[in-house]
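Let me begin by presenting the structure, written as structure tokens, before commenting on it.
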Number of protein chains: 2
Amino acid sequence: MTVSKTAEKSSEKAADAKGRKDAGDVHAEALQLGELSEQLGYVLKRAQLKVFENFLRCMASLQLTPAQFSVLLLVEKNPGRNQTEIASTLGILRPNFVAMLDNLESRDLCARIRSTNDRRSHILVLTDKGKAVLARAKKLVATKHEARLNDLLGQANREALIGMLAKIANEF
Amino acid sequence: MTVSKTAEKSSEKAADAKGRKDAGDVHAEALQLGELSEQLGYVLKRAQLKVFENFLRCMASLQLTPAQFSVLLLVEKNPGRNQTEIASTLGILRPNFVAMLDNLESRDLCARIRSTNDRRSHILVLTDKGKAVLARAKKLVATKHEARLNDLLGQANREALIGMLAKIANEF
DNA sequence: GATATTTGATATGGTCCATAACAATTATCA
DNA sequence: TGATAATTGTTATGGACCATATCAAATATC
């Protein structure tokens with residue numbers, strides 16, 4: 001796996017029509033991936049990196065990471081939940097969720113409200129700005145990001161892919 | 001996205017048949033994922049984490065990470081290449097590849113050999129032990145890891161999935 | 001009311017990823 | 001040929017993300 005974002009030097013040793021060394025240096029053309037291209041984990045990781053990379057490009061104007069976008073989506077869909085609930089359903093550990101919320105709150109995208117029922121917990125809600133930004137984000141994702149999948153795979157395959165990935169995420 | 005490995009507290013507030021507080025605390029049942037479950041990046045990341053997690057379990061006896069496995073596979077398929085070539089085709093940056101090779105070499109799974117053509121570069125090869133370990137790893141992956149995909153999706157879907165992921169990785 | 005649990009938070013360490021810089025070696029080319 | 005540039009492996013370093021332990025405040029439990 002281990003695919004970084006830079007990468008792809010394409011290693012063109014360019015068989016320059018001139019000097020040869022001694023024989024024994026016959027390759028230097030392109031590496032064979034072999035069984036690697038059939039490895040689930042390898043291809044999954046590479047695809048995930050490419051998708052995140054594209055997501056960040058699409059969201060450059062709104063400065064939202066995939067993680068931040070998922071938080072906004074979940075808070076919008078479940079207003080009034082506390083940090084623990086939102087974080088845990090996203091698989092984020094509470095300690096790591098604090099700085100994330102600090103960021104979103106400092107940008108006035110969401111707000112922590114002390115619960116009156118349980119004064120330990122912070123109820124999370126989107127601010128008006130947060131709702132507006134999320135709305136714009138959704139449009140960007142739909143038109144620039146998810147649409148790209150349709151262009152690449154077609155509608156039916158796109159849905160099949162999402163379904164299979166969800167199945168893996170839930171049942172593997 | 002942002003799915004950690006622990007996660008899944010499943011937040012069972014367990015509507016315990018006894019005490020109720022004041023009204024106004026009606027929820028606490030289960031959060032709605034909403035559009036999140038249709039987000040490519042989200043489901044991709046969750047699937048990837050589950051797959052890596054399972055990979056590590058399957059490889060526990062051999063102590064191979066997905067990244068290490070991919071290195072061994074690529075070196076076996078392309079013996080005689082140097083560090084830069086192997087690393088770059090895996091998307092690993094050269095500086096980060098050093099410690100990785102130090103590890104594999106210290107376990108006698110692969111070896112660095114000074115090239116006689118270019119005394120700057122280190123040619124990579126698998127040791128006998130490395131070949132043996134890789135052979136065992138392949139079997140484990142095939143029988144315990146990849147086989148699980150067939151059980152879950154079926155042969156045809158599994159191949160379709162790999163194909164689509166590869167397409168995303170290459171053309172997205 | 002004493003004890004245990006939960007919530008948000010801090011501190012901290014690990015892993016992975018990315019950049020800059022360096023010595024040794026090789027390529028370039030005036 | 002010899003000066004300069006480029007490449008290879010390496011080290012050092014910083015950032016992002018992930019995980020654990022711990023804490024004070026508030027609440028639940030008994």
Side-chain angles (χ1 to χ4, degrees), chain A residues 1-9 11-14 16 18-21 25 28 45-46 48-49 52-53 56 65-68 70-71 81-88 90-103 105 111-124, chain B residues 1-9 11-14 16 18-22 25 28 45 48-49 52-53 56 65-68 70-71 81-88 90-103 105 111-124:
Chain A
M1 313 356 183
T2 338
V3 177
S4 78
K5 283 167 198 159
T6 7
E8 314 316 274
K9 280 202 57 176
S11 68
E12 359 188 352
K13 280 294 166 68
D16 37 21
K18 279 203 311 175
R20 297 299 77 238
K21 317 178 178 185
D25 211 4
K45 180 78 180 181
R46 285 202 89 113
Q48 184 259 314
L49 287 175
F52 270 43
E53 200 180 325
L56 288 174
T65 68
Q68 292 168 336
S70 68
V71 170
R81 299 300 192 128
N82 65 27
Q83 295 183 199
T84 297
E85 292 172 313
I86 297 293
S88 81
L90 288 176
I92 304 174
L93 296 174
R94 275 78 66 208
N96 299 329
F97 196 45
V98 174
M100 217 176 144
L101 272 186
D102 288 346
N103 181 339
E105 202 173 21
R112 296 185 240 225
I113 304 178
R114 271 241 113 88
S115 167
T116 54
N117 297 330
D118 186 340
R119 295 186 29 246
R120 288 171 297 187
S121 60
H122 289 166
I123 292 310
L124 298 183
Chain B
M1 318 346 183
T2 339
V3 177
S4 77
K5 282 168 201 159
T6 7
E8 313 319 271
K9 280 203 53 175
S11 69
E12 358 187 353
K13 282 294 166 74
D16 36 20
K18 280 204 310 175
R20 297 302 77 237
K21 318 178 180 184
D22 52 58
D25 213 3
K45 180 79 180 181
Q48 185 258 314
L49 286 174
F52 269 45
E53 200 180 324
L56 288 174
T65 68
Q68 291 168 336
S70 69
V71 170
R81 298 302 191 126
N82 65 26
Q83 295 184 196
T84 296
E85 292 172 314
I86 296 293
S88 80
L90 288 176
I92 304 174
L93 296 175
R94 273 79 66 212
N96 299 330
F97 196 46
V98 173
M100 215 176 146
L101 272 187
D102 288 346
N103 181 340
E105 202 173 22
R112 296 184 239 225
I113 304 176
R114 272 242 110 88
S115 168
T116 53
N117 297 331
D118 185 340
R119 294 186 31 244
R120 288 171 298 185
S121 60
H122 289 165
I123 292 309
L124 298 182

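Given the structure is predicted, the values throughout are model-derived calculations rather than measurements. Proteins come first, then strands; the chains are lettered A, B, ... in the order of their sequence lines, and each starts at number 1.
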Completion exercise
Among C/dA18, D/dA26, C/dT10, the one nearest any side-chain atom of A/R120 is D/dA26
Fill in the blank from the handout: Paired with A/H122, the side-chain contact (heavy atoms from CB on, under 4.5 Å) test is passed by just one of A/R114, A/R81, A/E105, namely A/R114
Exercise for the section: Report the distance from atom CD of B/Q48 to atom P of D/dC18, rounded to the nearest whole Å. Expected result: 10 Å
Practice task
Figure out the NZ/P separation between A/K45 and D/dC17, and round it to whole Å.
Solution key: 12 Å
Practice task
Check the distance between D/dT7's P and B/N117's CG and give it to me in whole angstrom.
Solution key: 18 Å
Problem - 5' precedence on DNA chain C between A/R114 and B/T65 (nearest-nucleotide basis) - result: A/R114
Completion exercise
In whole angstroms, the gap separating C1' of C/dT15 from CZ of B/F52 amounts to 13 Å
Fill in the blank from the handout: Among the nucleotides C/dT19, C/dA9, D/dT27, whichever has the atom closest to the side chain of B/L93 is C/dT19
Completion exercise
Atom CG of A/N82 and atom P of C/dA9 are separated, to the nearest Å, by 11 Å
Exercise for the section: Flag the pair A/S70 / A/T65 as yes when at least one side-chain heavy-atom distance between them is below 4.5 Å, and no otherwise. Expected result: no
Problem - Main-chain N/O of A/T84 paired to A/R94 side chain as donor or acceptor, under 3.5 Å - result: no
Handout entry: Rounded distance [0.5 Å steps], CD1 in B/I123 versus CG in B/N117
Key = 7.5 Å
Practice task
Please name all residues satisfying side chain to side chain donor-acceptor pair (under 3.5 Å) with A/D102, sequence neighbours left out, ordered by chain then number.
Solution key: A/R112
Practice task
Identify which nucleotide among C/dC17, D/dT27, C/dT26 has an atom closest to any side-chain atom of B/R119, counting heavy atoms from C-beta outward.
Solution key: C/dT26
Problem - Short side-chain N/O contact from B/T84 to OP1 or OP2 of D/dT7, under 4.0 Å - result: no
Problem - Global bending angle along the helix from C/dG1-D/dC30 to C/dA30-D/dT1, which compares the axes of five pairs at either end, to 10 degrees - result: 20°
Exercise for the section: Counting heavy atoms from C-beta on, name the nucleotide in D/dA26, D/dT10, C/dG8 closest to the side chain of A/H122. Expected result: C/dG8
Handout entry: Audit row: A/R46, A/L49, side chain to side chain contact (heavy atoms under 4.5 Å, CB included) steps and yes/no
Key = CA-CA 5 Å; A/R46 285 202 89 113; A/L49 287 175; 5.9 Å; no
Exercise for the section: Mind calculating the distance between CG (B/N96) and P (D/dT10) to the nearest angstrom? Expected result: 13 Å
Contacts under 3.5 Å, N or O only, protein and nucleotides 20-23 of chain C:
none

Completion exercise
Out of D/dG9, C/dA24, C/dT10, minimum distance to the side chain of B/Q83 belongs to D/dG9
Problem - Where A/L124 and A/I86 come nearest, the two heavy atoms and their spacing - result: CD1-CG1, 3.9 Å
Problem - pair A/V71-A/Q68: side-chain heavy atoms closer than 4.5 Å - result: no
Exercise for the section: Measure the CG-OG distance between A/N82 and A/S121 for me, rounded to the nearest 0.5 Å. Expected result: 5.0 Å
Completion exercise
Residues at least two apart in sequence or cross-chain that pass salt bridge (charged side-chain N to carboxylate O under 4.0 Å, His left out) with B/R120, listed by chain then number, are B/D118
Exercise for the section: May I have the distance from B/L49 (atom CG) to D/dC18 (atom C1'), rounded to whole angstrom? Expected result: 10 Å
Exercise for the section: Output yes when at least one side-chain N/O atom of A/R112 is less than 4.0 Å from OP1 or OP2 of C/dA9, else no. Expected result: yes
Exercise for the section: Could you check how far CZ of A/R94 sits from C1' of C/dT6, rounded to whole Å? Expected result: 10 Å
